[in-house]
Number of protein chains: 4
Amino acid sequence: MQLNEDSEHHAISKPSIDVLGQQLANIMSQSPFVAHTFTTYHYEDGRVYGKVKSNPALIGNPNFEILHGGMTATLLDTIGGLEGMLEIYRRDQGTFEEQTKKIKRMATVDLRVDYLAPGRGHEFMVTAEVIRMGRKGCTTRMMLVNDEGKLIAHGIASYAF
Amino acid sequence: MQLNEDSEHHAISKPSIDVLGQQLANIMSQSPFVAHTFTTYHYEDGRVYGKVKSNPALIGNPNFEILHGGMTATLLDTIGGLEGMLEIYRRDQGTFEEQTKKIKRMATVDLRVDYLAPGRGHEFMVTAEVIRMGRKGCTTRMMLVNDEGKLIAHGIASYAF
Amino acid sequence: MQLNEDSEHHAISKPSIDVLGQQLANIMSQSPFVAHTFTTYHYEDGRVYGKVKSNPALIGNPNFEILHGGMTATLLDTIGGLEGMLEIYRRDQGTFEEQTKKIKRMATVDLRVDYLAPGRGHEFMVTAEVIRMGRKGCTTRMMLVNDEGKLIAHGIASYAF
Amino acid sequence: MQLNEDSEHHAISKPSIDVLGQQLANIMSQSPFVAHTFTTYHYEDGRVYGKVKSNPALIGNPNFEILHGGMTATLLDTIGGLEGMLEIYRRDQGTFEEQTKKIKRMATVDLRVDYLAPGRGHEFMVTAEVIRMGRKGCTTRMMLVNDEGKLIAHGIASYAF
């Protein structure tokens with residue numbers, strides 16, 4: 001996951017985290033592959049969320065009606081990057097321009113997905129938390145739950161910026 | 001990744017590896033998410049391959065024109081599972097029916113993706129090799145290269161069956 | 001990590017979880033490499049813990065006085081396996097003998113360690129939680145903290161049994 | 001793994017790769033935890049190797065006589081870092097002092113170990129290859145074989161510098 005460059009973050013004064021969170025979530029929702037996989041990202045009360053409704057096109061094996069493992073990985077990679085971006089703004093180190101530059105540069109270095117339960121449900125939601133924030137990279141932990149709150153998958157990813 | 005159950009593997013005599021490899025690759029190509037991501041799998045000279053042409057819908061960030069990391073993970077997870085399935089038939093332990101049962105049950109336990117270079121190219125190809133085959137699971141190593149032969153991503157996955 | 005076979009678990013009636021937890025922790029503490037790395041495992045109030053005091057022999061780089069990353073991995077791998085073993089007894093599926101057989105067979109399939117902060121401290125403690133328990137394997141999440149409660153490392157591991 | 005700082009790399013002219021490889025391997029062999037685990041690293045014909053003889057103290061479970069998984073992780077983490085350091089000198093970007101500064105700063109970000117076969121043997125050897133070299137970090141692939149050439153474990157690690 002990487003941020004779309006035509007965002008308007010170069011304003012001189014830094015918007016609030018609420019505004020930045022909404023902007024980042026909107027930009028992420030417009031990523032072609034995110035849109036192609038019917039997922040939307042939004043910001044609410046200080047956190048970012050990804051949501052996708054069950055869809056026949058996202059199924060791995062039609063007999064089991066469960067999400068393809070690659071779709072799971074897509075959700076986890078994307079929310080981890082989004083939460084990492086938001087955390088750079090939250091920590092507020094360096095100028096706003098420097099923060100934005102890091103965010104635009106952010107790229108996944110590596111990703112681990114653990115498939116904990118079959119990906120069944122009417123809707124799926126992903127969230128993330130930052131467990132390491134360094135000068136040049138960060139590590140996030142991600143979770144995918146279905147609409148019954150069942151934990152479907154767990155992810156860990158390293159990003160560089 | 002998991003195999004579509006309506007495959008016709010319950011014949012009494014075991015087909016050749018060439019026939020089985022083609023069947024498995026065909027079934028995998030028909031997975032809804034695989035089709036939705038424009039990928040096809042084929043068998044050739046004893047190995048399975050996945051191929052996908054560059055497509056605007058698979059891009060993560062339109063400014064960089066590179067594959068979304070989730071698409072990379074999708075390709076690696078799928079080819080690892082496919083190669084693991086084929087290896088079960090190659091090793092030929094137990095009856096053909098038992099082998100087929102394992103293949104139908106196969107599910108990804110965990111996946112690691114290392115993003116080594118930006119996902120740029122006209123076409124992408126994935127291959128895999130089995131580095132551990134146990135009684136209840138296997139481990140595979142996967143590689144994604146572009147049409148210039150550049151190594152874009154490396155994967156390791158554990159599968160249970 | 002694998003359990004020492006000369007444990008006395010073949011008694012006909014199943015001891016309480018408290019007794020089993022203490023037995024498992026004791027056996028793990030007697031593993032040669034665990035002893036060689038000055039670590040002890042204990043059971044308390046339903047959970048297992050590993051503890052090791054800072055020791056010059058465990059340092060990676062003498063100028064930085066931080067734990068070697070391999071020592072971190074050793075602690076995480078061991079506590080994950082121990083918690084997985086205890087969880088098999090907790091879930092109580094099959095006979096006590098079958099549970100013990102699984103525990104004796106348990107072996108690490110794969111391990112991921114994320115190094116979140118330099119391994120500095122007077123004492124280090126590891127804990128784990130089981131995030132997937134299947135018929136043939138489980139997945140655990142592990143954490144290493146120092147004596148100030150700082151999170152030093154995070155682990156995820158898959159075990160087969 | 002991290003390099004001991006009292007190395008003498010600040011000379012104005014850059015030694016040959018053979019000399020640097022030997023120096024790095026010597027420094028790594030002197031890491032307290034490396035010495036405590038009876039391992040030595042050496043450089044030969046352009047590559048670095050780690051070697052350790054079988055030793056009762058390195059066993060996980062005395063009934064099975066196999067290496068503790070943490071010892072396997074220690075070997076893989078160390079050789080990956082060592083090969084990454086050598087690659088920085090090989091690529092020769094920036095001044096020799098800048099290269100040495102990166103090498104001294106190098107720290108493991110994350111590590112994955114896949115346990116492919118029981119760790120049995122009279123002697124074990126680890127090697128590594130760099131599969132990504134960036135400006136701020138690298139990724140390596142590592143292998144542990146026994147004295148019969150059997151592949152015991154496979155590793156992937158990300159390092160930052």
Side-chain angles (χ1 to χ4, degrees), chain A residues 1-7 27-28 30-39 55-81 104-119 153-160, chain B residues 1-7 27-28 30-39 55-81 104-119 153-160:
Chain A
M1 94 27 282
Q2 270 189 317
L3 186 66
N4 186 330
E5 252 192 322
D6 50 43
S7 58
I27 292 167
M28 205 57 99
Q30 287 158 29
S31 156
F33 193 60
V34 168
H36 186 62
T37 52
F38 315 114
T39 311
N55 187 305
L58 305 181
I59 296 300
N61 176 337
N63 296 306
F64 293 113
E65 289 284 335
I66 58 181
L67 275 191
H68 191 286
M71 181 59 197
T72 298
T74 299
L75 291 164
L76 296 176
D77 175 36
T78 310
I79 194 69
K104 288 187 178 180
R105 238 184 352 225
M106 193 182 280
T108 315
V109 173
D110 60 65
L111 168 69
R112 174 175 173 128
V113 180
D114 286 86
Y115 297 91
L116 305 178
H154 179 276
I156 296 276
S158 286
Y159 301 88
Chain B
M1 91 28 280
Q2 270 190 314
L3 186 65
N4 187 330
E5 251 193 322
D6 49 44
S7 58
I27 291 166
M28 204 58 99
Q30 288 158 29
S31 157
F33 193 60
V34 168
H36 186 63
T37 52
F38 315 114
T39 311
N55 186 305
L58 305 180
I59 295 301
N61 174 337
N63 296 306
F64 292 114
E65 290 283 335
I66 58 181
L67 276 190
H68 192 286
M71 181 60 196
T72 298
T74 299
L75 291 164
L76 296 177
D77 175 35
T78 311
I79 194 70
K104 287 187 178 181
R105 238 184 354 226
M106 193 182 279
T108 315
V109 173
D110 60 62
L111 168 68
R112 174 175 173 127
V113 181
D114 286 86
Y115 297 92
L116 304 177
H154 179 276
I156 296 276
S158 285
Y159 302 88

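Just so it is clear, the structure is predicted and the values come from calculations on it, not from any experiment. A note on names: the letters A, B, ... follow the listed sequences, proteins ahead of strands, and every chain is numbered from 1. Basis for what follows: all heavy atoms, side chains included, without hydrogens, waters or symmetry-related copies.
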Novice: For a quick test of reading the model, state the closest non-hydrogen atom pair linking B:P32 to A:G60 and the distance between them.
Specialist: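 Heavy-atom minimum between the residues: CD-O, 3.5 Å.
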Novice: Would you mind telling me which of A:N55, A:D110, A:L75 has the largest number of heavy-atom pairs within less than 4.5 Å of chain B?
Specialist: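 The option with the most such pairs is A:D110.
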Novice: Rounded to the nearest 0.5 Å, what separation is found between the CD atom of B:Q30 and the CG atom of A:N61?
Specialist: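 It comes to 11.5 Å.
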Novice: Side chain, backbone, both or neither: which part of A:V113 has a heavy atom under 4.5 Å from chain B?
Specialist: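 Contact with chain B is through both the backbone and side chain of A:V113.
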Novice: Take the angle between the ring planes of A:H68 and B:F33 and call it parallel below 30°, perpendicular above 60°, tilted in between.
Specialist: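 Correct class here is tilted.
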Novice: On a heavy-atom basis, which atom in A:S31 and which in B:I59 lie closest, and how many Å separate them?
Specialist: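 Distance-wise, the nearest heavy atoms are OG-O, 3.8 Å.
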Novice: Counting distance only, does the side-chain N/O of A:H36 pair as donor-acceptor with the main-chain N or O of B:T37 below 3.5 Å?
Specialist: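 No, A:H36 side chain to B:T37 backbone: no donor-acceptor pair under 3.5 Å.
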Novice: Indicate the atoms forming the closest heavy-atom contact of A:Y115 with B:L111, along with that distance.
Specialist: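 Nearest pair, atom of A:Y115 first, then B:L111: OH-CD2, 3.8 Å.
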Novice: How many angstroms lie between CG in A:D77 and OG1 in B:T74, if you round to the nearest 0.5 Å?
Specialist: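 Going from the CG atom of A:D77 to the OG1 atom of B:T74 covers 10.0 Å.
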